[in-house]
*Asks:* 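Quick one: the structure is below, questions incoming.
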2 protein chains.
Amino acid sequence: MSTAKSEKSAPVTRQTRQRAAIVRGLSAAGGFRSAQALHGELRARGDGIGLATVYRVLQRLAEEGVVDRVRAAGGETAYRLCGADGHHHHLTCRMCGLAVDVTGSGVEAWAAATAREHGFAEADHTVEITGLCPRCAGR
Amino acid sequence: MSTAKSEKSAPVTRQTRQRAAIVRGLSAAGGFRSAQALHGELRARGDGIGLATVYRVLQRLAEEGVVDRVRAAGGETAYRLCGADGHHHHLTCRMCGLAVDVTGSGVEAWAAATAREHGFAEADHTVEITGLCPRCAGR
DNA sequence: ACTCTTCATGGGAATGATTCTCACTTAGGT
DNA sequence: ACCTAAGTGAGAATCATTCCCATGAAGAGT
């Protein structure tokens, strides 16, 4: 039976026009965009693309670590190109949506230690700080 | 015209059978429950109550600080009676849903400092640690 | 205790985001 | 150029949550 394929096949991830458009779109946006918003912007720009595809690609990009995912208040999920710099958290303005990346060496350690302390394995964590950015706070 | 009412009316929050049932239900549950799940449990128990009411009451309880809110993976929102002990975070098992309260003096400070550092005001934060609880990890 | 005003309730429709289905297209290896 | 598995897209299907609005009841005043 099996010749060289052995057990698992490589997850190839093809380079398609749509996938490229989505990454370009996110790049141009520069910040968070919901799947629906991104879809609208791409269409407006003339890139023919289906909503289902936007969801699919965005989800995969998230799995691949190419984009960040945050759950917005209205139940929507928003995505943003992640600067390939691995793990970090967000400081978001609850008024205008401005988001700043922050890293917290201490938090990482605390989260890991807390999990271990309670016997939890494969710990992961999310941290979101919200507040009013300088501009919004000043008004 | 206006006599003694002056400007703002007191936010009365009436004590209703339904509201009581919801709090009792959450109390009996002991952990997180989605609005839908709670509604199902209450109905099964014989407490006649509408889904819309469950959502409404749960939302208000959250505003009042009586319950915790976490956004589950499937886009659902889950609620849990909060022991009136103010601020804390959660360590959740991503397999069985077991949730443990944890407090992190260090995290609080870090979050506040980070926000201040970037000029953000009125900072708030959420921290969720997920992993596999001892039992699930052991299987 | 009786009444009146206002807030709460609930059933079902409406909304909105996300996922599914499935026939058709295409990237990439040979 | 050819084959085949992966990707795509339109619309239907799902699902959680909110809206609408007539009816019910809590609590203040008398």
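The model shown is predicted, which means the values in this text are computed figures rather than measured ones. Naming: A, B, ... by sequence-line order, numbering from 1 per chain.
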*Asks:* I'd like to check the side chain to side chain donor-acceptor pair (under 3.5 Å) partners of Gln59(B); sequence neighbours left out, ordered by chain and number.
*Replies:*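 Residues passing side chain to side chain donor-acceptor pair (under 3.5 Å) with Gln59(B): none at all.
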*Asks:* Roughly how many Å is it from CZ in Arg56(A) to C1' in dG9(D), rounded to a whole number?
*Replies:* 7 Å
*Asks:* Among residues 33-46 of chain A, which residues get a heavy atom nearer than 4.0 Å to DNA chain C?
*Replies:*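 Within residues 33-46 of chain A, the residues near DNA chain C are Gln36(A).
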*Asks:* For dT17(D), take OP1 and OP2 only and decide whether either is under 4.0 Å from a side-chain N or O of Tyr55(B).
*Replies:*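 For dT17(D), OP1/OP2 do have a side-chain N/O of Tyr55(B) under 4.0 Å.
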*Asks:* Calculate the interatomic distance between Gln59(A) atom CD and dC20(C) atom P; express it in whole Å.
*Replies:* 8 Å
*Asks:* Which heavy atom of Gly131(A) sits nearest a heavy atom of Phe120(B), and at what distance?
*Replies:*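 The pair with the smallest heavy-atom distance is C-CD2, 4.0 Å.
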*Asks:* Could you state whether Tyr55(A) and Val57(A) fall into the same hydrophobic cluster, counting links through intermediate Ile, Leu, Val, Met, Phe, Trp or Tyr residues with side-chain heavy atoms under 4.5 angstrom apart?
*Replies:*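 Tyr55(A) and Val57(A): separate clusters.
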*Asks:* Can a donor-acceptor pair be found, under 3.5 Å and without considering hydrogens, that links the side chain of Arg17(B) to the backbone of Gly48(B)?
*Replies:* yes
*Asks:* For every nucleotide of nucleotides 23-30 of chain C, 5' to 3': is a protein heavy atom under 4.0 Å from its base (B), only from its sugar-phosphate (S), or from neither (-)?
*Replies:* ---BBS--
*Asks:* State which of dT8(D), dC19(D), dT9(C) makes the closest approach to the side chain of Val57(A).
*Replies:* dT8(D)
*Asks:* Have a look at Leu51(B) and say if it touches a base, only the backbone sugar-phosphate, or nothing, with a 4.0 Å heavy-atom cut-off.
*Replies:* base
*Asks:* Identify every side-chain donor-acceptor pair in residues 108-116 of chain B under 3.5 Å, counting partners at least two apart or on other chains, and give the distances.
*Replies:*
from	atom 1	to	atom 2	distance (Å)
Glu108(B)	OE1	His87(B)	NE2	3.0
Glu108(B)	OE1	His125(B)	NE2	3.0
Glu108(B)	OE2	His89(B)	NE2	3.1
Trp110(B)	NE1	Thr114(B)	OG1	3.3
Thr114(B)	OG1	Trp110(B)	O	2.8

*Asks:* Is there a side-chain contact between Arg19(B) and the phosphate of dT9(C), meaning an N or O under 4.0 Å from OP1 or OP2?
*Replies:* no
*Asks:* Quantify the bending of the helix from dA1(C)-dT30(D) to dT30(C)-dA1(D) as the angle between its end axes, each fitted on five pairs, to 10°.
*Replies:*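 About 40°, once rounded to a multiple of 10°.
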*Asks:* For dG9(D) and Gln18(A) - does any side-chain N or O of the residue sit under 4.0 Å from the phosphate oxygens OP1/OP2?
*Replies:*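 Yes, such a contact exists.
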*Asks:* Residues in ring pair (Phe, Tyr, Trp, His ring centres under 6.0 Å) with His90(B), at least two apart?
*Replies:*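 Result, ring pair (Phe, Tyr, Trp, His ring centres under 6.0 Å) vs His90(B): Phe32(B), His88(B).
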*Asks:* Can you name the closest pair of heavy atoms from Ile49(A) and Arg43(A) and give their distance?
*Replies:* O-NH2, 2.8 Å
*Asks:* Which whole-number value in Å describes the distance from Glu76(B) CD to dT18(D) P?
*Replies:*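 In whole Å, dT18(D) P lies 13 Å from Glu76(B) CD.
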*Asks:* What is the distance, rounded to the nearest whole Å, between atom CZ of Arg60(B) and atom C1' of dT17(D)?
*Replies:* 18 Å
*Asks:* Over all heavy atoms of both residues, which pair between Arg45(B) and Gly25(B) is shortest? Give the atoms and the distance, please.
*Replies:*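 In terms of heavy atoms, the two residues are closest at NH2-CA, 4.1 Å.
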*Asks:* Starting at atom CD1 of Ile49(B), determine the distance to atom P of dA8(C), rounded to an integer number of angstrom.
*Replies:*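 Atom-to-atom, Ile49(B) to dA8(C), this comes out as 14 Å.
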*Asks:* Does the distance from a Lys or Arg side-chain N to an Asp or Glu carboxylate O, for Glu76(A) and Arg69(A), drop under 4.0 Å?
*Replies:*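 No, no charged N to carboxylate O under 4.0 Å.
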*Asks:* Regarding Thr53(A) and Arg56(A), is there a side-chain donor-to-acceptor distance under 3.5 Å anywhere?
*Replies:* yes
*Asks:* Between Arg69(A) and Thr53(B), which has a closest nucleotide on DNA chain C that is more 5'?
*Replies:*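 Mapping each residue to its closest nucleotide by heavy atoms, the 5'-most match is Thr53(B).
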*Asks:* In the single-linkage hydrophobic clustering (I, L, V, M, F, W, Y; side-chain heavy atoms under 4.5 Å), do Leu51(B) and Leu38(B) co-cluster?
*Replies:* no
